[in-house]
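Have a look at the structure below before the remarks.
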Protein chains: 2
Amino acid sequence: MRSDKPTIAQVAQSAQVSKTTVSRYLNGRFEFMSAETRKRIQTVIEELEYRPNNLARGLKSKRSGLIGVLVADISSPFSSILVKGIGDHCKQNGFQTIIVNTDNDPAKEREYIQALMDNRVEGLIVNVTGKHNDFLLELREQGVPIVLADRPLEHLDFDTVTSNNFQMTYDTVQHLHQEGFRRVAFFTQDVSEIQTRYTRYQAFLQACRDLYDIQGDDWVYVIEPADIESVVRELNTFLLNGVGPSAVFAVNGVTLLSVVQAITRLKLTMPTDIGLCGYDDWGWAAVIPPGITVISQPSYRVGIEASKRLIQQILSNRRFKPKLVELPSELVIRGSTVLHPKS
Amino acid sequence: MRSDKPTIAQVAQSAQVSKTTVSRYLNGRFEFMSAETRKRIQTVIEELEYRPNNLARGLKSKRSGLIGVLVADISSPFSSILVKGIGDHCKQNGFQTIIVNTDNDPAKEREYIQALMDNRVEGLIVNVTGKHNDFLLELREQGVPIVLADRPLEHLDFDTVTSNNFQMTYDTVQHLHQEGFRRVAFFTQDVSEIQTRYTRYQAFLQACRDLYDIQGDDWVYVIEPADIESVVRELNTFLLNGVGPSAVFAVNGVTLLSVVQAITRLKLTMPTDIGLCGYDDWGWAAVIPPGITVISQPSYRVGIEASKRLIQQILSNRRFKPKLVELPSELVIRGSTVLHPKS
DNA sequence: TTGTACGCGTTATCAG
DNA sequence: CTGATAACGCGTACAA
């Protein structure tokens, strides 16, 4: 086991120059360097396969080249694509990303942020677990560059990149309305802690008031996607509770899938027995007959945009006025919400 | 912007002791420390909110506490769950993971490994992009702890954690055989570069010889999942080329989904017009009528097991005899392959 | 155009 | 039980 990597000193010695000169070479400061020494250093570096030690570099220069990324659930397609976008853009700009999974657990989140700061990450991209976060605020006060991805915090003190949740949810309910659905259920997971869900919920209520002239609370069903039985029950309740063409709007991909399962269990046919649409286009939605209408989020672009803003913050070293960026999602209309095909 | 974190020196001064003593405290070496100084140091640390600088620590101690993870495609559910397992187990043992996405590109893979080594990661978990890799071999020679996840390399010089691909593929074809399918098509992406796919391919051929008494090559269809038209074409070819109950085995989740789409396009009914099964249980397989038979991989456990072995390597500091660990997958039988329901 | 000498924040060696 | 002091590998005033 020989992990005896060559150091800058060895390079200097072999090239018959001082460490300083090598260091200059490494950082591209050959403004006043003779072409000859330059060449000599280059040769030695290649020969020794020398690579600078980032730890030492960071210790001295206060620039670790590391960016910390916290996601609430890496196993969700949304997160993994987000992370991909972040990774791509950071790499392109010479940063490495340290990705950690908070499991939607605020305690873990805090712990991880500490650990990341211990490693002197230069900035943080956070998919927050809650709707308020004093710890993050404190860090921001200390000047740590931070960008929120997907989920905003209540007090908009942070740069945030997300998608136009309110608008899209509203538009989609409007689509259902236009298609002739007389009743719409909003199936969701707990709405209290996650801002994004809450926004969609609010948009739904607004749409109910504007379009259906009701308050809408009766059409909201809070479920636990893992518990299919309960989803089936709630769906049944909804259907038995009124008449006319009815549809379900699912707050996210996980919920959507569980509603599909419930529909299968109840042997209902889409869209005649029930219409269905909701968030997240994760591949399968197109394939389940008759095709499920979904809102497709620009996860990758959210990742790009978030890292772009973060790197700006890091490099420019000054604090920007926090800005909320909302990227457009796309409504993909398929058979599950089309009661009267045009053709 | 004040990123003036307190240092060990400041703690020492405030606590009226030397840096050495503080360092001892930090590393739990209070064997010979008076309870009083101990208490005093603790108080000061809390007061100052002091946290040790990992860069400095790593520089001195050669232990960065970082583990590098390379995945070929983070956006695939397999990878993201794998990464979750790795992250969970590493964290539990005091390591941070740096995750990078190689996009199935060997050049990127190499570049990233370099970058990770520059950050002095203590070990590497790699979901390799190719079937041979001299660079990794070289690193191993230098004593870098490495574990391969999911995809083995041709020469088994590395610790590797994967699932029992050969056995499961074989068993699944056997299941089709027993169910009465007379013909089985193997739909796959290019098989030449990825060992895991190749193994499944070999298992398929073997099963063909053993069970159907043919060579099997004619039943192999290499497709590009993104190009649905071609999948439709190939599927048609297969169906028109023979008689009797026919089924498709898809080499992975992506391929499986594209075959489902093709089946939908051709308005075929499962399992009567065609049986279907294949790798990866990513949620939707259960929901597409009549339920798709799949092989469910233990991605999470692969992640756990891989990091477990890696950390062993790191901590014990000696080289183990490389070992290939094959975790069992599970065959989940659903309607798409059941020609004659028992009930 | 190049080199000397010091410091970044820790840990380890040795001597009290 | 505790404390100087020297590294770790690199960057940078300052000097030459």
What integer distance in Å separates [X]:[atom1] from [N]:[atom2]?
{"X": "A/Asp118", "N": "C/dG9", "atom1": "CG", "atom2": "P", "result": "14 Å"}
{"X": "A/Ile41", "N": "C/dT2", "atom1": "CD1", "atom2": "C1'", "result": "10 Å"}
{"X": "B/Lys5", "N": "C/dC8", "atom1": "NZ", "atom2": "C1'", "result": "15 Å"}
{"X": "A/Arg120", "N": "C/dC8", "atom1": "CZ", "atom2": "P", "result": "14 Å"}
{"X": "B/Gln13", "N": "D/dG3", "atom1": "CD", "atom2": "C1'", "result": "15 Å"}
{"X": "A/Tyr25", "N": "C/dT2", "atom1": "OH", "atom2": "C1'", "result": "17 Å"}
{"X": "B/Asn119", "N": "D/dC8", "atom1": "CG", "atom2": "P", "result": "21 Å"}
{"X": "B/Ile8", "N": "C/dC8", "atom1": "CD1", "atom2": "C1'", "result": "13 Å"}

Touch class at under 4.0 angstrom, heavy-atom based, for B/Thr20 against every strand present: base
Touch class at under 4.0 angstrom, heavy-atom based, for A/Val17 against every strand present: sugar-phosphate
For A/Val69 against A/Leu116, the heavy-atom pair lying closest together: N-CD1, 4.5 Å
Contact summary for B/Val22 and B/Ile8, nearest pair of heavy atoms: CG1-CG1, 3.5 Å
Between A/Asn101 and A/Tyr112, a side-chain donor and acceptor under 3.5 Å: no
Side-chain donor-acceptor pair present, A/Glu109, A/Asn133, cut-off under 3.5 Å: yes
Side-chain heavy atoms of A/Thr97 within contact of B/Ile98, under 4.5 Å: no
Test item: B/Phe78 and B/Asp150 side chains (from C-beta on) under 4.5 Å apart, heavy atoms: yes
Neighbours of DNA chain D within residues 47-68 of chain A, by heavy-atom distance under 4.0 Å: A/Tyr50, A/Pro52, A/Asn53, A/Ala56, A/Arg57, A/Lys60
Nearest-nucleotide pick for B/Thr21, side chain only, options being C/dT2, C/dG3, D/dG3: D/dG3
Steps toward salt bridge (Lys or Arg N to Asp or Glu O under 4.0 Å) verdict (B/Arg51, A/Asp118): CA-CA 7 Å; B/Arg51 309 231 82 210; A/Asp118 291 349; 2.8 Å; yes
Which residue lies more 5' along DNA chain D, comparing A/Arg24 with A/Lys19 via nearest heavy atoms: A/Lys19
Presence of A/Ser34 side-chain N/O under 4.0 Å of C/dT2 phosphate oxygens OP1/OP2: yes
Side-chain N or O of A/Thr7 closer than 4.0 Å to phosphate OP1/OP2 of D/dG9: no
Side chain A/Thr37 and base C/dT2 donor-acceptor under 3.5 Å: no
